[in-house]
Enquirer: 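Here it is, the structure in full.
Side-chain atoms are counted along with the backbone in the values below, which use heavy atoms only and exclude waters and symmetry mates. The sequence lines fix the lettering, A, B, ..., with proteins before strands; numbering per chain opens at 1.
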Amino acid sequence: AQSVTQPDIHITVSEGASLELRCNYSYGATPYLFWYVQSPGQGLQLLLKYFSGDTLVQGIKGFEAEFKRSQSSFNLRKPSVHWSDAAEYFCAGLTGTASKLTFGTGTRLQVTL
Amino acid sequence: DSGVTQTPKHLITATGQRVTLRCSPRSGDLSVYWYQQSLDQGLQFLIQYYNGEERAKGNILERFSAQQFPDLHSELNLSSLELGDSALYFCASSGREFDETQYFGPGTRLLVL
């Protein structure tokens, strides 16, 4: 079955520190992969996406993610976290044959000042 | 702002009642998706419509139904509501050529008392 796994439920980082959020996928074929962010009481905002090509993708708000086929991973990174980055982050996958997004369980990011 | 609108933002109702959630997709998008976000189930795909026709179905209860109208807006109808139906309901849209990205609306928060 298709699945997306986010191993970390909750991560705390200091403002200015680097960040890496993990995402692993399990699909028969290479899926399209996405990262979304959800601030408290808000909707889901698209941070970045990977369809094919360059395995390092840049997104909004200074985020980037790297697709690694050998590790079935699509980890999200940011070199320097800002307090406003505190939110819940969701990794999601989609294949060409299925319309629905399959979401991970999310990682809640807390930023300490 | 994703360009996807949802109304109402909040809805409080009683068990056994029926409600209708409304979604307007981004201009030009033909597909509308409905997702449910709850604490115990996470983000779950409910149903997809494409240009007025049902395209895919997920974990949607028989008490729930949806439709997409000729102007491409969509409605999700929830009936015989139970306490467990309390959740955040998201609509997303997609459909630009060669782009499978789904853009999410702000959601409707439903509370069943």
Enquirer: Is it the case that over 12 heavy atoms from other parts of the model lie below 6.0 angstrom from the CD1 atom of A/I9?
Expert: no
Enquirer: Centres of the B/Y35 and A/F103 rings: under 6.0 Å?
Expert: yes
Enquirer: Which atoms of A/Q45 are under 4.5 Å from chain B, going by heavy atoms: the side chain, the backbone, both sets, or neither?
Expert: neither
Enquirer: So do the side chains of A/Q38 and B/L88 get within less than 4.5 Å of each other, counting heavy atoms only?
Expert: yes
Enquirer: Are B/V4 and B/L11 connected, step by step, through hydrophobic side chains (Ile, Leu, Val, Met, Phe, Trp, Tyr) whose heavy atoms are closer than 4.5 Å?
Expert: no
Enquirer: Can you name the nearest heavy-atom pair linking A/K49 to B/Y103, along with the distance?
Expert: NZ-OH, 4.0 Å
Enquirer: So how far is it from B/Q44 CD to A/K100 NZ, rounded to the nearest 0.5 Å?
Expert: 7.5 Å
Enquirer: Is it true that, when you exclude B/L39 itself, more than 12 heavy atoms of the residues, nucleotides or ligands shown sit nearer than 6.0 Å to its CG?
Expert: no
Enquirer: Which heavy atom of A/L101 sits nearest a heavy atom of B/F45, and at what distance?
Expert: O-CB, 4.4 Å
Enquirer: Do A/Y25 and A/V57 belong to the same hydrophobic cluster, where Ile, Leu, Val, Met, Phe, Trp and Tyr are linked whenever their side-chain heavy atoms lie under 4.5 Å apart, directly or via other members?
Expert: yes
Enquirer: Which distance, rounded to the nearest 0.5 Å, do you find between the CG of A/L44 and the CD of B/Q37?
Expert: 6.5 Å
Enquirer: In this structure, would A/F63 and A/V111 fall into the same cluster of hydrophobic residues linked by side-chain contacts under 4.5 Å?
Expert: yes
Enquirer: Specify which of B/G42, B/G107, B/G105, B/P106 makes the most heavy-atom pairs with chain A at under 4.5 Å.
Expert: B/P106
Enquirer: If you group Ile, Leu, Val, Met, Phe, Trp and Tyr by side-chain heavy-atom gaps below 4.5 Å, do A/V37 and A/F34 land in one group?
Expert: no
Enquirer: If two hydrophobic side chains count as joined below 4.5 Å and joins carry through other members, does A/F67 share a cluster with A/F51?
Expert: no
Enquirer: What residue, out of B/Q41, B/Q102, B/R109, has the most heavy-atom pairs lying under 4.5 Å from chain A?
Expert: B/Q102
Enquirer: What do you reckon, is NE2 of A/H10 surrounded by more than 12 foreign heavy atoms closer than 6.0 Å?
Expert: yes
Enquirer: Mind checking the OG1-OH spacing from B/T101 to A/Y36? Nearest 0.5 Å is all I need.
Expert: 6.5 Å
Enquirer: Can you tell me which portion of A/L46 sits under 4.5 Å from chain B's heavy atoms? Options are side chain, backbone, both or neither.
Expert: side chain
